[in-house]
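In what follows, a single structure is set out as C-alpha cells and then discussed.
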Amino acid sequence: MRFSSSFKVGILTLVGLIILLFAVLWVKGRSFSAGNRIEIIFKDVNGMRAGSGVQMMGLRVGQVEEITPVINGDNSYVKLKFVITEPGISVPRASVFSIQQSGLIGEQFLEITPPKTRTTYVTVSGDNEILYKNDSVQIMLDKKYYDVGRVKSVQILSKQLVPPLLRNLITTKYAYKVDYVVDLPGLILPDMMKGSIVAGSKHSKKLRIAMLDNTVLPYPHQSSPYTVIEPRRISDFMDLQYKAAESLTETTLKVNSLLSDDVILDLKQSVQNINILTAKASTTVDKAEKLLDASKKDIDEMMLMARSVTDNFNKISNNVNDIIGDKNFKTTMVNSADSIGKLANNLNKVLDKTDANAMAADLQATMKNLKDISTYVANMTRDEKLQCEIETTITNINTAMSDISNALELVNKMTPAQKTQIQTIVEDTQVTTKNLRKFSEKLNKRFLLFRLMF
C-alpha cells in the first residue's frame with residue numbers, strides 16, 4: 001500500500017507538533033505525570049525558574065511546574081507549585097522546604113527535608129515516670145503548652161554518656177535517652193533541647209522539651225502543613241559579612257587604642273612586680289615557719305610558768321575559802337569589832353610587804369603579752385593544738401584573776417594568824433608573776449620584730 005505525498009507530509013507535521021509541544025512543556029516545567037502536586041509559598045525564590053528539580057534527601061523526586069508572583073503591597077509572596085514524579089514518594093507533615101544551589105554557580109533546586117529525629121536526655125527518677133514509644137511531646141509556645149510531636153524510642157544509659165552540655169541537668173547515675181520527632185509545621189528548634197517527664201491524660205506521661213535558656217518561642221500560625229525556610233541571597237550574605245568585618249575592624253581599633261605602648265609597658269612591669277612579690281612572700285612564709293619552730297620551746301615554757309601562776313592563785317583562793325568557811329572565824333568576826341580593825345591593819349601590812357600593786361601590774365602586762373602572742377601565732381600558723389593550749393592558758397589566768405579578786409575581798413575579814421598562812425603563797429606568786437612578765441615581754445618582742453620586718 002502506497003501513501004501519497006500529502007499524507008506523509010501531514011504525518012510528519014503532526015509528529016513535529018507533538019515534539020514541539022513536549023519541548024515547550026519541558027522548558028516551562030510542566031509535566032504530564034499524574035503524581036502528587038503541592039503548592040507552597042515563599043517570600044522570595046532567589047531566581048528559581050520553572051523546570052528546576054525537586055530533591056528529597058539528595059535524590060531527585062520531581063520538578064517545579066509553576067512559579068507565580070502575587071503582588072499585594074507589603075504582603076506580597078510567590079506561589080511555587082511542584083509535582084512528585086517518582087512513584088511511592090510522599091511528603092511527610094512538617095517537612096522543611098528550602099531552595100538550595102549545587103555549588104556556587106550551579107543550578108537551583110527545591111530541597112525537601114522530612115522531620116528529623118531529635119534526641120534529649122531525661123533524669124531517671126522512678127518507676128512511675130517512664131516514657132513509651134508514641135507518647136506525646138509538648139513545648140511551651142506563647143505561654144501555653146502544645147503537643148508538637150511524638151516519642152520514637154527510649155533507652156537507659158549511664159550519665160557519663162550524656163553530652164557535656166546536658167550532663168549537669170542529670171541528677172542521677174542513669175538517664176533516659178529519648179528520640180522524638182517534632183511534626184508541628186513552621187516550628188524551627190535548635191538541635192539541643194532539655195527534657196523532662198510530666199503527667200499526661202489517662203495515667204500516661206509526656207515528654208516536655210524546652211530551650212536550654214528557657215526561652216519561650218512563638219506559636220507558628222500558618223495554614224501550610226510544611227515548614228518553609230526562606231532563601232538567603234548572596235547580596236544579603238555579603239552585607240552580613242561586611243557588617244561583621246566593620247564590627248571586627250572597630251573592635252580591633254579599640255583594642256589597639258587601649259593596648260598602647262605605655263599600657264603594654266605597665267603590664268609588663270606589673271607582671272615583674274607580681275613575680276618579685278611572689279618570691280618575697282615565699283621567703284616570708286619560710287621564715288615564719290622557722291620562727292615558729294624556734295619559738296615553740298619558749299612558748300611551751302611560758303605556758304608551764306603560766307600554769308604555775310594559775311595553780312598558786314587556785315591555792316590562795318582555796319585557802320581563803322577554807323578560812324572564811326570556819327565557824328569559829330565567823331563567830332570571832334561577829335563578836336569582835338576590834339579584831340576586824342586589827343585584821344585590816346595587818347592585811348595592809350601584808351599587802352605592803354608583798355607589793356600587791358606591783359603584782360597586779362605584772363599580771364596585767366603578762367595578760368597583754370599573751371594576747372599579742374596569741375594573735376601573732378593565730379595569724380602565722382594553723383597548728384590547732386598550739387592555739388588551743390594558748391587559749392586555755394589565757395582562760396585559766398582570767399579565771400585565776402577573778403578568784404584572786406574574790407579572795408582579796410574576803411581577806412579583809414581575816415585574823416592576823418590566818419593572814420600569815422597565805423603570806424608565803426602570795427610571795428611565791430609575786431616572784432612567779434615577775435618572771436612570767438619578763439619572759440612574755442621577751443617573747444612578745446621577738447614576734448613584734450618579725451611582724452615589723454615583714
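Computation of the quantities below employed the complete heavy-atom set of this structure, encompassing side-chain atoms and omitting hydrogens, waters and symmetry-equivalent molecules.
With rounding to the nearest 0.5 Å, the separation of CD1 in Ile89 from OG1 in Thr85 is 9.5 Å.
Geometric assessment of Arg150 against the ring of Tyr180 yields a negative cation-pi assignment under the 6.0 Å and 45° thresholds.
Under the salt bridge (Lys or Arg N to Asp or Glu O under 4.0 Å) criterion, Asp44 pairs with Arg233, sequence neighbours left out. With sequence neighbours excluded, the residues satisfying ring-ring contact (aromatic ring centres under 6.0 Å, His included) with Phe82 are Phe97.
Using a 4.5 Å heavy-atom threshold, the side chains of Ile38 and Val83 count as separate. With contacts defined as side-chain heavy-atom distances shorter than 4.5 Å, the pair Asp135/Leu207 does not qualify. Residues Met193 and Leu212 have side chains not in contact (no heavy-atom distance under 4.5 Å, counting atoms from C-beta outward). Taking the side chain as every heavy atom from C-beta outward, Val178 and Gln155 never approach each other to under 4.5 Å. The shortest distance between side-chain heavy atoms of Val91 and Ile112 falls below 4.5 Å. Looking at heavy atoms from C-beta onward, Ser224 lies out of side-chain contact with Ile41 at the 4.5 angstrom threshold. The side-chain heavy atoms of Val137 and Val181, taken from C-beta on, include no pair separated by under 4.5 Å. Looking only at side-chain heavy atoms (C-beta outward), Pro69 and Ser76 stay at 4.5 Å or farther from each other.
A donor-acceptor contact closer than 3.5 angstrom links the side chains of Thr68 and Glu66. Side chains of Arg208 and Gln138: a donor-acceptor N/O pair is present below 3.5 angstrom, by distance only. At a cut-off of 3.5 Å, with distance as the only test, no side-chain donor of Asn134 or Lys152 sits close to an acceptor on the other residue. One side chain, Ser98 or Gln100, offers a donor N or O that lies under 3.5 Å from an acceptor on the other. When only modelled atom types and interatomic distance are considered, Thr117 and Asp179 share no side-chain donor-acceptor pair under 3.5 Å.
Other residues, nucleotides and ligands contribute at most 12 non-hydrogen atoms within 6.0 Å of the NZ atom of Lys81.
Shown here for Ala50 and Glu65, the closest heavy-atom pair between the two residues is CB-O, 3.6 Å. The two residues Pro220 and Leu187 come nearest to each other via the heavy atoms CG-N, 3.8 Å.
Between Tyr146 and Tyr219, the ring centre distance stays below 6.0 Å.
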